[in-house]
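Structure record follows, encoded as structure tokens.
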Amino acid sequence: MGMGRRQEHHQADLWVPTTDLPRSPGHPFYDKLNVLLAEAGFDPHVEDLCRPYYTEGIGRDSIPPGVYFRMLLVGYFEDLDSQRAIAWRCSDGLSLRAFLGIPLHKSTPDHSSLTKIRQRLPLEVHQQVFVFVLKIAQDKKLLRGKTVAVDSTTLEANAAMRGIVRKDSGEDWKDYLKRLMAEQGIENPTDEEIRRFDKGRKKKKVSNKEWESPTDPDSRIAKMKDGTTHLAYKAEHVVDLGSEFVLAAEVYAADQSDPSTLVDSVVQAQVNVVLAGSEQEIEEAVADKGYHKAETLADCQACHTRTYIPEPKRKKYNWEDKPQAWQRATAANRRRVRGARSKRLQKKRSELVERSFAHVCETGGGRRTWLRGLVNVTKRYVVQVAAHNVGLLMRKLFGFGKPRVLQGAGGWLVGMVLGLHGLMTLLGGRTYRTRASMVAG
């Protein structure tokens, strides 16, 4: 057999028969996912949701809504945080083209098309896609919804701290420092003098009451999980402890406290459970001590939801000017937290909720957002979490939850082989040491 040689400059043929085009063997994960979505009627459902926002008979047909949402799912499964990366990955992979249903003689959607579709479709459509995934879980009898866990994390916004301006005067950081120096009698300072002045002065903290980002006014100054300070948003998950599905994924301004958003997130989770076709009511809510507040506990009790929220160390409450309902709710929560069931729920909460954040934000490309505005960030993030629920659904049904992770039956088999190999190595070492000690004796 002769050796083939790579040609640096190969002129492509003008006409290529479609029968000669390369065909993708498909990806087992995406093939199974397409089967699952087809059985649930995903494409007709999203087309009905999106039909009111298009005009028939005017202009050329748009990208099918099912393709748009599939591309957002690909962003989660392939750990892609930007629309440009999603568009490039879909155009480069034959298996992803098969997943999207786009033949080789047609181009895949550009990142600008994803932007136009996102701007056209309202937030309610994206939220209904999230509910549709929960409905599939309910139809498969996998959804529970009795006990939920709530926790939040921060998402880095598409805005820089060095670009913030003062709300009262519109000054940026440099102009603000020049004004402070002018008040001390220093006129026309150089850049080096400004940096030296800023480094030596005290009380350099900035607050959301005084500063904002002109490029993304909805973002807020916040401390991230790694201790750094960025403009950010706050994402809150309500996770079903019985099935691990995320029942609600809400995005708030980063300066909103955890107690102020707990009730809204739990209520939204209850609405999503009902829309998914379940009659189960959320009876218990578990959270960490950052959510503890007497008013919040009373609101949960008014919604017939028992709370398991540890009480932080603080001075005793002064109940003289507080409603009696606050005191009763705090006492009831304190009694429940001391029980053994609370310890089991807290352990499960820390495991499942943090796992959802790890999948969505760390390995799903959701920690850094490249969109601006609370509505746009929520649109992308809610589909991101819906993709997480799809992966969980795939793992429960077929044994693998992501296309690039060794999971399910194959991962279990390899894990067993590696475990047995390690055990035999350990036993072999012990046998060798035992024989050596016998010979020495």
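All values reported here derive from a predicted model rather than from experimental measurement. Below, all heavy atoms of this structure are taken into account, side chains as well, without hydrogens, waters or symmetry copies. Residue numbers start at 1 and run along the sequence shown.
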### Query
Taking it one step at a time, do R349 and D288 satisfy side-chain contact (heavy atoms from CB on, under 4.5 Å)?
CA-CA 9 Å; R349 175 201 64 80; D288 58 25; 4.0 Å; yes
### Query
Does the distance from a Lys or Arg side-chain N to an Asp or Glu carboxylate O, for R70 and D43, drop under 4.0 Å?
yes
### Query
Do D216 and Y233 come close enough that some side-chain heavy atom pair is under 4.5 Å?
yes
### Task
Tell me yes or no: between the side chains of S278 and R144, is some donor less than 3.5 Å from an acceptor?
no
### Query
Is the shortest distance from a Lys or Arg side-chain nitrogen in K234 or D255 to a carboxylate oxygen in the other one below 4.0 Å?
no
### Message
Looking at K223, I want to see if its NZ is surrounded by more than 12 non-hydrogen atoms of other residues, nucleotides or ligands under 6.0 Å.
### Response
no
### Task
Mark yes when over 12 heavy atoms from residues, nucleotides or ligands other than K135 sit less than 6.0 Å from its NZ; otherwise mark no.
no
### Task
Mind telling me whether F132 and F42 have parallel, tilted or perpendicular rings, with 30° and 60° as the class edges?
tilted
## Note on the structure
Between L155 and C361, the two heavy atoms sitting closest are CD2-SG, 4.0 Å
### Query
Considering only heavy atoms from C-beta outward, does the side chain of K178 approach that of I194 to under 4.5 Å?
yes
### Task
Examine distances only and state if a side-chain atom of N389 and a backbone atom of V246 form a donor-acceptor pair shorter than 3.5 Å.
yes
### Task
Report, as yes or no, whether the 6.0 Å neighbourhood of atom NZ on K116 holds more than 12 heavy atoms from other residues, nucleotides or ligands.
no
### Message
Is a donor from one side chain sitting under 3.5 angstrom from an acceptor on the other, for K402 and T363?
### Response
yes
### Message
In the structure I gave you, are the side-chain heavy atoms of Y252 and L374 within less than 4.5 Å of one another anywhere?
### Response
no
### Task
Drop me the distance from M181's CE to N188's CG, to the nearest 0.5 angstrom.
10.0 Å
### Task
Compare every heavy atom of A298 with every heavy atom of W326, then report the nearest pair and how far apart it is.
CD1-CB, 3.5 Å
### Message
Can a donor-acceptor pair be found, under 3.5 Å and without considering hydrogens, that links the side chain of S91 to the backbone of A87?
### Response
yes
## Note on the structure
Here the pair of heavy atoms bringing A157 nearest to T369 is CA-CG2, 3.8 Å
### Task
List the steps and the verdict of side-chain hydrogen bond (donor to acceptor under 3.5 Å, both in side chains) for T115 and Q83.
CA-CA 8 Å; T115 300; Q83 293 180 166; 2.8 Å; yes
### More than 12 heavy atoms from other groups under 6.0 Å of CG on D168
yes
### Task
List the steps and the verdict of side-chain contact (heavy atoms from CB on, under 4.5 Å) for C303 and V266.
CA-CA 10 Å; C303 297; V266 174; over 6 Å; no
### Query
Would H230 and T228 count as having a side-chain donor-acceptor pair, cut-off 3.5 Å?
yes
### Quiz item: cation-pi between R120 and Y54, 6.0 Å / 45°
yes
### Donor-acceptor pair, side chain of R336 and main chain of T307, under 3.5 angstrom
yes
### Task
State whether E311 and K289 are salt-bridged, where the test is any N-O pair (Lys NZ or Arg NE/NH1/NH2 against Asp/Glu carboxylate O) under 4.0 Å.
no
### Query
To the nearest 0.5 Å, what is the distance between CZ (R89) and CG (D92)?
6.5 Å
### Task
Could you tell me which non-hydrogen atom of S219 sits nearest to which non-hydrogen atom of S213, and how far apart they are?
OG-CB, 3.9 Å
### Query
Quick one: does N333's side chain have a donor or acceptor within less than 3.5 Å of a partner on I309's backbone?
yes
### Query
So, E171 and R179, do they make that salt bridge, N to O below 4.0 Å?
yes
### Task
Might you confirm whether atom CG of D226 has over 12 heavy atoms from other residues, nucleotides or ligands at distances under 6.0 Å?
yes
### Message
Working to the nearest 0.5 angstrom, can you tell me the gap between E212 CD and D218 CG?
### Response
10.0 Å
### Query
Under 6.0 Å between the ring centres of F77 and F29?
yes
### Message
Working note: E351 + K348, criterion salt bridge (Lys or Arg N to Asp or Glu O under 4.0 Å); need CA distance, chi angles, decisive distance, verdict.
### Response
CA-CA 5 Å; E351 175 188 353; K348 201 170 185 179; over 6 Å; no
### Task
Walk me through it: do V125 and K379 pass the test side-chain contact (heavy atoms from CB on, under 4.5 Å)?
CA-CA 9 Å; V125 173; K379 286 180 182 179; over 6 Å; no
### Query
Can a salt bridge be assigned to the pair K174 and D172 using a cut-off of 4.0 Å between side-chain N and carboxylate O?
no
### Query
Does G145 offer a backbone N or O that forms a donor-acceptor pair with the side chain of D240 under 3.5 Å?
yes
### Task
Taking all non-hydrogen atoms of both residues into account, name the closest pair between Q384 and G366 and its distance.
NE2-N, 3.7 Å
### Query
Any sub-3.5 Å donor-acceptor pair from R380's side-chain atoms to S82's backbone N or O?
no
### Message
When you compare the side chain of H304 with that of E281, does any pair of heavy atoms fall below 4.5 Å?
### Response
no
### Query
When you look at NZ of K204, are more than 12 heavy atoms from neighbouring residues, nucleotides or ligands closer to it than 6.0 Å?
yes
#### Entry: Test side chain to side chain contact (heavy atoms under 4.5 Å, CB included) applied to F130 and L247, V383, N272, the passing residue
N272
## Note on the structure
OG (S260) and CD (E295) are apart, to the nearest 0.5 Å, by 10.0 Å
### Query
Just by distance, do the side chain of R372 and the backbone of N158 share a donor-acceptor pair under 3.5 Å?
yes
### Query
Would you call R51 and D48 a salt bridge, using N to O less than 4.0 angstrom?
yes
### Query
Is the backbone N or O of T261 less than 3.5 Å from a side-chain atom of S265, with the two atoms forming a donor-acceptor pair by type?
yes
### Task
Using the salt bridge (Lys or Arg N to Asp or Glu O under 4.0 Å) rule, take E244 and R355 through it: C-alpha gap first, then chi angles, then the decisive distance, then the call.
CA-CA 9 Å; E244 302 184 30; R355 182 184 299 170; 3.3 Å; yes
### Nearest-0.5 Å distance that lies between atom CG in L72 and atom CG in L80
11.0 Å
### Minimum heavy-atom distance between A249 and H237, given as atom pair plus value
CB-CD2, 4.3 Å
### Query
Where does the angle between the aromatic ring planes of Y176 and W211 fall among parallel (under 30°), tilted (30 to 60°) and perpendicular (over 60°)?
perpendicular
### Query
Quick one: do the T147 and E284 side chains pair a donor with an acceptor below 3.5 Å?
yes
### Query
Taking C-beta and beyond as the side chain, do L121 and F69 meet within less than 4.5 Å on heavy atoms?
yes
### Query
Can any side-chain N or O of T296 pair as donor or acceptor with the backbone N or O of H292 at less than 3.5 Å?
no
### Message
Strictly distance-based, threshold 3.5 Å: is any side-chain N or O of E193 a donor or acceptor partner for the main-chain N or O of T190?
### Response
yes
### Message
Can you tell me how the ring of F99 sits relative to the ring of Y30, calling it parallel under 30°, perpendicular over 60° and tilted otherwise?
### Response
tilted
### Y76-H359 aromatic ring centre distance below 6.0 Å
no
### Query
Quick one: is the NZ or CZ of R368 closer than 6.0 Å to the six-membered ring centre of W370, and within 45° of its axis?
yes
### Query
Of V337, L345, V150, which is the lone residue that meets side chain to side chain contact (heavy atoms under 4.5 Å, CB included) with V286?
L345
### Message
Any non-hydrogen side-chain atom of K167 less than 4.5 Å from a side-chain atom of E210?
### Response
no
